[in-house]
Every structure is written in C-alpha cells, then in structure tokens.
Amino acid sequence: MKIVQQLQALTQRAITQAYGKEIDAEKIVINATRSDMDGDFTVVTFALAKLLGDRPDAIAAKIGEALEASAEDVSGVSVVKGFLNINLAGSFWRKQLEAIKDEDQFGYAAKKGIKTAIEFSSPNTNKPLHLGHVRNILLGWSISKLLEAAGHDVVRVQIINDRGIAICKSMVAWQKFANGATPASLSRKGDLVVGDYYVRFEAEFQEEYRAWQNTPAGKAALADVKVKEGEEPAKKYKNTYFNTISPLGKEAKEMLLAWEAGDPSVRELWSTMNGWVYAGHNATYERMGVTFDKLYYESDTYLLGKAMALKGLEKEAFYKKEDGSVWADLTDAKLDQKIILRADGTSVYITQDLGTAHQRFEDFGMDRMIYVTGDEQNYHFQALFAALAKLQEPYADQLYHLGYGMIDLTTGKMKSREGTVVDADDLMEQVVAEARANAEERAEITESDASTRAESAEQVGLAAIKYYILRVGPKKRMVFNPKESVELQGTTGPYIQYSYVRAFGVSARAEKEGYDAAAGGAYNELAPAERDLVKHLLTLPEVIEQAAEELDPSQVASYAYALAKGYHRFWHDHSVLSAENEAAKAFRVGLSHAVAKTLRTSMDLLGISLPERM
RNA sequence: GGUCCCAUAGCUCAGCUGGAUAGAGCAUCUCACUUCUAAUGAGACGGUCACAGGUUCGAAUCCUGUUGGGAUCACCA
C-alpha cells in the first residue's frame, strides 16, 4: 500500500479519536512536505475546518498529538499554520528500502489483460529518417515501454508509406541519372541513395520549371495566375505545372499508373529501391534500439480501405455522390464532410488508414490503438476515428492519437524542401563523436581500454539525444539545438548515466569485496540525503502509472534526473565503502544498489541504456 | 471564420488530482578535486507564472474572456 494511503488511514483514525467524527480517508489531503520545512509528509487541514467545525491550526495540533501517541512510525510532528508536518522514523524508511531493494520488477504494475497496439515512426520510403522521425520514434518506443510497465500487452506497429508519387520521383531520377548505381556499388546506405535521387528529381524539376517560366507559354500562363499580396505566381502554379505540363512530372505520374497497373518492370524497380530503403531504415532503427512487432505496407492496405468504404456504403454509414465518390458525413462529430473514395474509385489517405485499423484488429484483437504522429495530423485522426465509429468498429471508442509538437531547429523551422533537415544518422554520429572526444580526454581517470571507451561513447551519445528530446512534454513544440544536444552536462542523459556508474560501481564492488549485509538493520538515523533518496525511490510506481496514463515519457525523465541528482549529492557528502561503521556501510550499499536498479528501470522506459563505466 | 495545441527566469524546460516563500539546467560570478570515477558538489545572480475577470479559506494549476505564437479545416500523405 502506498505510504500516503497508510497515512490517510492513520490520520482518519486520529480524527475519530480527537473529534468523534468519521472522515472519508481519501478526502484527507496529504502532500510531500516542502523541502525547506522539517518533515516528510504534510496533512493540509484547511478543507477539514468546515467538516470538523474547528480552526485549521487547532485541528492540526489535535491530529498531531493523536498521531504521535498512537502511530509508532511517526517520530515527530510540528504545526505551521494549518499544516501538520509529520516526521517518519528512520527505521521506517530503512524498512521501506529493504522491501524494494531486491524486488524484481519494482515499479511495474501487474498485468491488466489489456492489449494495446501502438503505431509510430511510419516513414515514407523515398528518403532517410530525419529529426522529426527521431522524436516520433523515441516517443513511440518510450510510450510502448511505459504501457508494458503499466501492465498492458503491447504490439508495436508501423504503416509504411511505400507507394505513391514520392517514391516514383526517386525511381524516375534513378533510371535517368544513376547509370545502374546501387548502394553496394556506391558504398552508401540505401535510404540515403534513394533520398539522393529524390533530391535529384526535385532539383531537375526546379530547373525545368525555371526554364519553362521564360518561354512565351510560361510567361502567359503565369500572368493569368491570380495571387494574393506577397504570394508568388510561380510558387502557386508549381503543382499545376507539375500535373499538367511538366515532362518530368508526366514521367513520374506515368510510373505511378504503371505501378498501379502492376507493370512487372516498374514493380521490380519499385521493390528493389524500397528494399534499399528498408535496409537503411533498419540500420537506423537498430542503432536507436527500436524494434517493431508487425509492419503494414500501404501498398497492401490501400486495397483493404476500399473494401471498408464499400462496407460503409452497405451499412449506410457513408454515402455516394452523383459522380460516384464516397463520403462520410462527420458533422455530428463537429467535423466536415470527408471524402473516402475518389470518383474514379482510387483511395485517399484516410482510406488506407481505415483498412489498416481494421486489419490490425483482425490480426491482434487489440483493445486499444494509439497513433503517434506530428500534431499537424490532429484533424485527420479526428476524422479517422469518427469514420471508424460510424462503421461501428468494435475498438472505435478506444482509439487515441498523440500529436506531438513540431521539433524546430534553432536556425528555424524544419522543412525538408529547404534542405535544413537534420538526418537521424548524422545526428547520432555527431553526438557520439562528441562523447568519444570527451571519453578520450578522461582516459587517464577511467583507466579503461579503447574498446570499452568506444562502446560507452555510443551509449553516452545516444543517451544525450534521447534524453534531450524525451524530457520535453510531447505536445509541446520544442527547439532542437544541435550544439546543446551534444552537451553532456546539466539535465542530460549522460549526467544520469554517470550517477548510475557511481551507484552501480560502488555496490558491485562491495558485493565483490564482501560486507556485513545484516548490519544494516541497526542503521536507523538516516541523513537527509539518504532519506530523500529513499523517499524518491518509493514514488516510482506512481510515476510510471501516471506517465503511462498520460502517454508522457517526460515525467519519467524528470524522475530519473531527480534521482540521479539526489545520488550525486549523497555521494558528495557520504562515503559508502569507508562509512563510519558497518551499519552505515550496509545501508548505503543497499541504497546504492536500489538507486542503480531504479535508474536502470526508469532509463529503460526511455529506451536509454546505461554503461557500467564511462 | 471554425476546431485543436502552446505561453513560467536572458535561453531551454519542470511544476502531479488547487496548498506554505514558483523549481532545475544552460549562461555569468565565487568556492571545493593526491576521488568509493569532479561527465560531480555547494553558493550568488536571475520571476508582474502573457493580460483581465471569476470560483475558493487558498490559483502558475480550475472556469470565462482577451492578446500573442503554431497547426489544421485538400479528391496531399
């Protein structure tokens, strides 16, 4: 039982003793005592004043007296205005620590029998993963771990957007300019190669468009474009040009049609180039420590979506317009009319999502489904959920969309077209290099060999990136400062890792050298730093529960940081191996052991691994 | 115009279901290393919690409105 609940029960009894009235225990407000006041927990009595017909300070005094007399774990009380500060005995905290120290899955909830599917990352197959994906992947992975810790059965899925005009652009450019080059012949990651040709296509297209603008036909067409003030005709006309005039655009569109028709040579090129991308993406995922249970491909599910649309028509959940297009009326969900199928029977974005959702339910029978995407898709998911509700899909009321805020670079907004994206691979490489440089500088202190240093640099660099991004609440738009993200000091992953290195190192050494573990039972006068650590350790289950409930890894990030900080402070003031006596030593070894274990648990929930040396 | 998200120290961010004098990190300035690993610790400096009302014994937190920033409202994904 949680300590606060125990105290509520005790306080409830004390009130009955002092006033002869029964108060609902849950209504008694008990908070952690402010750090600058003496005490562990504080009963806030203002709300009780009316119920008991007494003044807050008098209530605090009377409850305090009763508590001190009857509760053996209460070592002292003090009253400040209406606040009753309670001190719990050192032996109480010592016993609490002993109870969790070797608990295998401390912080994890029992299985709830709820199956949750979570979709994240879900890239296009025409380019490498970039900074936006990094936030998506880290959030998705961490939330999936949190849900598992909270007792859910989790299935991690992706929908891979492997078809469409974008990949066709890469394919056209590759055919025209690559001379048969492959990732192997270029010694370059496959996703980067395909991305190169996507960029090449865009560059060639820009050039073609610019040249056309200077032809008589181009000038005439642009002169007719109506624009608002500050808008450029050429920019506004670009899509129209691509779709109706551009030779390159025509090639790409013909390729898309050939793909849809199942043209064997186009399909073959398509699957070859997608294969390159998958190999590249997988390498990136692997380095990030992320895996998926099941992948869905848009090239499969867009057909399923069409079936869903037709089912919707049968059920009269959707309706057909005169031109043959299929629509959903979502006005009762405060949304608009939403198209489900085009007049020519081809699918739109939402169509494949309908199909994918249904297929997943067939595959897994999940109770809940969580989508992690950028918040620019908030409206899309509202519409998707409303449409699934209209179809009366059984899981329709258990769908969640987590739209995270855009991640901006310090230099400005992140736009792939302007070439200011930070590539995921480059980012990891840069930060790991920084960590390596740091480790080399400290090589004398750590007395480690080169391969150990390289390994820990990898862990440290990745921790820096992951922590930097996950410490911010998901919905908040955040600024990514490349310089600052490399920083290994302050509120960072490496700071926490260092705390772990200390806690783990010292407890492992004590185990190895041997100490009198039983002596700890005599240690009942905890120093403030020790008491704070034990208290903080004990809150892990609540932190996990709430973070999972709110789909918010940043709460765990804060928790881990506070724990690491507390341990650093403790370390500074107290010696473990050369403690004053055997009792103190035994207690501190146990404390260090528990801190190390808890840091490991909480950082694991963020997808961050901890080195034993650094 | 409709809907949604955001606004806290110079900068980047915490602040749980309303509780005491709003907290960290970075930056700036001090101090502490022949270490159980100083990638650390201690201190100083830094605030009209966007603004205005309301609810309450009590509001950064809840409600309403205003302002500012962003997203979205495509037969794009």
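Each chain gets a letter, A, B and so on, in the order its sequence line appears, and its residues count up from 1.
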**OP:** Have a look at A:Gln352 and say if it touches a base, only the backbone sugar-phosphate, or nothing, with a 4.0 Å heavy-atom cut-off.
**Re:** nothing
**OP:** Remember a base hit wins even if backbone is also touched, and classify A:Asn85 as base, sugar-phosphate or nothing at under 4.0 Å, heavy atoms.
**Re:** base
**OP:** Give a yes or no on whether the ring-centroid distance for A:Phe205 and A:Phe242 is below 6.0 angstrom.
**Re:** yes
Original post:
Is A:Arg34 side chain donor-acceptor paired with the B:rA20 base, going by distance under 3.5 Å alone?
Top reply: no
**OP:** Looking at every strand, decide which applies to A:Thr42 at a 4.0 Å heavy-atom threshold: base, sugar-phosphate, or nothing.
**Re:** base
Original post:
Tell me: CZ of A:Phe381 to P of B:rC5, nearest whole Å?
Top reply: 17 Å
Subject >> C1' atoms of B:rU48 and B:rU8, separation to the nearest Å >> reply: 12 Å
**OP:** Indicate, with a heavy-atom threshold strictly under 4.0 Å, whether A:Val460 touches base, sugar-phosphate, or nothing.
**Re:** base
Original post:
Choosing from B:rA39, B:rC75, B:rC5, which nucleotide comes nearest the side chain of A:Asn438?
Top reply: B:rA39
Subject >> Ring-on-base stacking B:rA24 with A:Tyr561 (under 5.5 Å, under 30°) >> reply: no
Original post:
Checking all strands, does A:Asp323 fall into the base, sugar-phosphate, or nothing category for heavy-atom contacts under 4.0 angstrom?
Top reply: base
Original post:
Rounding to the closest angstrom, what is the interatomic distance between B:rA9 and B:rG47 at atom P?
Top reply: 10 Å
Original post:
Hey, which of these two, A:Arg163 or A:Gln489, hits RNA chain B nearer its 5' end, going by closest nucleotide?
Top reply: A:Gln489
**OP:** Evaluate salt bridge (charged side-chain N to carboxylate O under 4.0 Å, His left out) for A:Lys535 paired with A:Asp40, printing each intermediate quantity in order.
**Re:** CA-CA 9 Å; A:Lys535 263 194 261 183; A:Asp40 295 312; 3.0 Å; yes
Subject >> Euclidean distance for P, B:rC63 against B:rC16 (whole angstrom) >> reply: 14 Å
Subject >> Face-on cation placement of A:Lys338 at A:Trp327 ring, 6.0 Å and 45° thresholds >> reply: no
Subject >> Gap in Å between the two P atoms, one belonging to B:rC26 and one to B:rA22, rounded >> reply: 22 Å
Original post:
Do A:Gln158 and A:Glu119 have side-chain atoms, one donor and one acceptor, less than 3.5 Å apart?
Top reply: no
**OP:** Take atom P in B:rC6 and the same atom in B:rC13, then report the distance between them in whole Å.
**Re:** 14 Å
Original post:
Could you write nucleotides 10-18 of chain B as a row of B, S and -, 5' to 3', where a protein heavy atom under 4.0 Å of any base atom gives B, of only sugar-phosphate atoms gives S, and otherwise -?
Top reply: --BSS-S--
**OP:** Kindly compute the distance separating CG (A:Asp552) from OG (A:Ser142), expressed to the nearest 0.5 Å.
**Re:** 9.0 Å
Original post:
Which nucleotide, B:rC36, B:rG19, B:rA77, lies nearest any side-chain atom of A:His380?
Top reply: B:rA77
**OP:** Check for a donor-acceptor pair, side chain of A:Tyr500 on one end and backbone N or O of A:Ala564 on the other, with a separation under 3.5 Å.
**Re:** no
Write down the protein N/O and nucleotide N/O pairs, taken from nucleotides 54-57 of chain B, whose separation is under 3.5 Å; answer none if there are no such pairs.
from: B:rC57; atom 1: OP1; to: A:Lys50; atom 2: NZ; distance (Å): 3.3

Subject >> Distance, P atom - from B:rA44 to B:rG25, rounded to whole angstrom >> reply: 12 Å
**OP:** Choose from B:rU21, B:rC75, B:rG19 the nucleotide whose nearest atom is closest to any side-chain atom of A:Asp36.
**Re:** B:rU21
**OP:** Could you check which of B:rC75, B:rA71, B:rC36 has an atom nearest any side-chain atom of A:Asp375?
**Re:** B:rA71
**OP:** With sequence neighbours excluded, tell me which residues meet side chain to side chain contact (heavy atoms under 4.5 Å, CB included) with A:Trp259.
**Re:** A:Arg163, A:Val266, A:Arg267, A:Trp270, A:Ser299, A:Tyr302
Subject >> Whole-Å gap separating C1' (B:rA39) and CZ (A:Arg453) >> reply: 15 Å
Original post:
Less than 3.5 Å between a donor and an acceptor, one on the side chain of A:Asn161 and one on the base of B:rC76, is that the case here?
Top reply: no
Subject >> Protein-nucleotide distance (A:Leu84, atom CG; B:rA20, atom C1'), rounded to Å >> reply: 13 Å
Subject >> Gap in Å between the two P atoms, one belonging to B:rA20 and one to B:rG10, rounded >> reply: 23 Å
Subject >> Identified stems (criterion: three or more consecutive Watson-Crick or G-U pairs, under 3.5 Å), RNA chain B >> reply: B:1-7 with B:67-73, B:10-13 with B:23-26, B:28-32 with B:40-44, B:50-54 with B:62-66
**OP:** Apply side-chain hydrogen bond (donor to acceptor under 3.5 Å, both in side chains) to A:Ser609 and list each qualifying residue two or more places apart in sequence or on a separate chain.
**Re:** A:Gln459
**OP:** Classify the nucleic acid contact of A:His574 as base, sugar-phosphate or nothing, counting any heavy atom under 4.0 Å across all strands shown.
**Re:** base
Return the polar atom pairs (N/O with N/O) between nucleotides 42-46 of chain B and the protein under 3.5 Å, or none.
from: B:rA42; atom 1: OP1; to: A:Arg569; atom 2: NE; distance (Å): 2.7
from: B:rA42; atom 1: OP1; to: A:Arg569; atom 2: NH2; distance (Å): 3.3

Subject >> Gap in Å between the two P atoms, one belonging to B:rC62 and one to B:rA7, rounded >> reply: 11 Å
**OP:** Respond yes when some side-chain nitrogen or oxygen of A:Gln377 is under 4.0 Å from OP1 or OP2 of B:rU72, and no when none is.
**Re:** no
Original post:
What nucleic acid atoms does A:Val348 come within less than 4.0 Å of, heavy atoms only: base, sugar-phosphate, or nothing?
Top reply: sugar-phosphate
Original post:
Between A:His568 and A:Asp336, who's closer to the 5' end of RNA chain B by nearest nucleotide?
Top reply: A:His568
Original post:
Is A:Tyr379 stacked on the base of B:rC73, meaning ring centres closer than 5.5 Å and planes within 30 degrees of each other?
Top reply: no
Subject >> Side chain of A:Gln382 - closest among B:rA20, B:rA39, B:rU3 >> reply: B:rU3
